Amino acid sequence: MRKALALVTLLLTVAACGGGTTTQSGPIKVTLIQGLAGEEFYETMACGAKAKAKELGVQLDVQGPQKFDPTLQTPIVNSVIASKPSAILIAPTDVKALIAPLTQAKQQDIKIILVDTVVDDPNIGLSRISSDNVKGGAAAAKALAEQIGDKGKALVISTDPGVSSVDARIKGFEEEIKANHPGISYLGVQYSHNDVSEASKIVNAALAKDPDLAGIFATNLNSATGAGSALQQAGKLDKVKMVGFDAGPAQVKQLQDGVVSALIAQLPGEIGAKGVEQAVAAVKGQPVTASIPTDSTIVTKQNLNTPEIQKVLYKA
Ligand code: T6T
């Protein structure tokens, strides 16, 4: 009898909302799927998301693969779909590989919000929240050019092709060098698979091939950590200047130690918080914002200890 009553109430509710509109009963369940579990950028993002979830009274679960790898992230997406959350916030680790599992999620009416990275399907992601990575890449190019006196050989170290964030940083870097720094000889990009020791190996090989290497742009946290420690161990800090994206504790230490000249700090906490806000709005049938750019800031040894910069450093 009770069951029958509940069913009638549910039917009435759905009918009152009109057509296909559904009403949310019970708590809103949101799952954040990181690009890489335990890494400071994504952990800082999770902190921001958790704080916002608490404020809005929604359940938040955080999951992520042990490696930055779409073949490891895909089964996580599949198991999250099976747990039937109201919304998924995800940082896809590949622009193509994640389209199929996210399409599955969409077909189950799970609201999808893309945080930090995107996929190559404009129909996926009710909201896309990230830094302006092209602009960040251009800022890195300007900072590196200044460090190396606008001349000499420059190399980029990235994760893998097909990662939207770092690909955009490379684009911004290359455009800026091509347009405004004719004295810089650009050596192209090498990929570390987001692995610290791979990034170190790339730098060692690059130094062997081009002993007159002048500058390195490392497009993310692990690339910068590995590249920086290789430069340090090779005793090349006075010869090769480096600019890195991200501002985790290891990068800040490298800045203090003179291993890296400048960092581009993103706002992962804000990306996570805004992601939860958008997810909740989507679940409630409220308007969402298709694209939300978040700021990034250049961190140098000179401004490191200012209160504004201390606020943007990632959590350990
Ligand atoms: O740079 C961030 C993130 O924006 C990028 O998409 C992947 O790498 C990081 O997580 C840092 O390692």
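Keep in mind it's a predicted model, so treat the numbers as computed, not measured. Whatever order the structure lists ligands and atoms in, that order sets their numbers, starting from 1.
Of all protein heavy atoms, the one closest to atom 2 (C) of ligand 1 is D246 OD2, 3.4 Å. For atom 8 (O) of ligand 1, the nearest non-hydrogen atom of the protein is N220 ND2, 2.9 Å.
Residue contacts with ligand 1 do not include V166, since none of its heavy atoms lies under 4.0 Å from the ligand.
Counted by atom type alone, S223 and N220 present one or more donor-acceptor pairs between their side chains at under 3.5 Å. Checked by atom type, the side-chain pair T93/Q73 shows a donor-acceptor distance below 3.5 Å.
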Given the rule in the side-chain contact (heavy atoms from CB on, under 4.5 Å) test, do K274 and I113 qualify, once you have shown the distances and angles that lead to the verdict? CA-CA 10 Å; K274 286 195 184 310; I113 308 295; over 6 Å; no
Check the pair E308, K311 against salt bridge (Lys or Arg N to Asp or Glu O under 4.0 Å), reporting the backbone distance first and the verdict last. CA-CA 5 Å; E308 305 79 59; K311 266 194 273 177; over 6 Å; no
Walk me through it: do D116 and Q266 pass the test side-chain contact (heavy atoms from CB on, under 4.5 Å)? CA-CA 10 Å; D116 174 50; Q266 308 187 70; 4.2 Å; yes
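In this structure, L213 and V240 approach most closely via the heavy-atom pair O-CG2, 3.4 Å.
Within ligand 1, counting atoms from 1 as listed, the ones closer than 4.0 Å to a heavy atom of S165 are 5 (C), 6 (O). Under a 4.0 Å criterion applied to the non-hydrogen atoms of T117, ligand 1 contributes the atoms 6 (O). For ligand 1, the atoms sitting less than 4.0 Å from at least one non-hydrogen atom of Q266 are 1 (O), 2 (C), 3 (C), 4 (O), numbered in the order shown with element in parentheses.
Comparing heavy-atom distances from atom 7 (C) of ligand 1 across Y314, Y42, F41 singles out Y42 as nearest. Here atom 9 (C) of ligand 1 lies nearest to E39 when heavy atoms of R169, Q251, E39, E40 are compared.
Proximity of D116 to ligand 1, defined as any heavy-atom pair under 4.0 Å, is confined to the side chain (atoms from C-beta onward).
Atom CD of Q66 sits in a sparse spot, with 12 or fewer heavy atoms from other residues, nucleotides or ligands closer than 6.0 Å.
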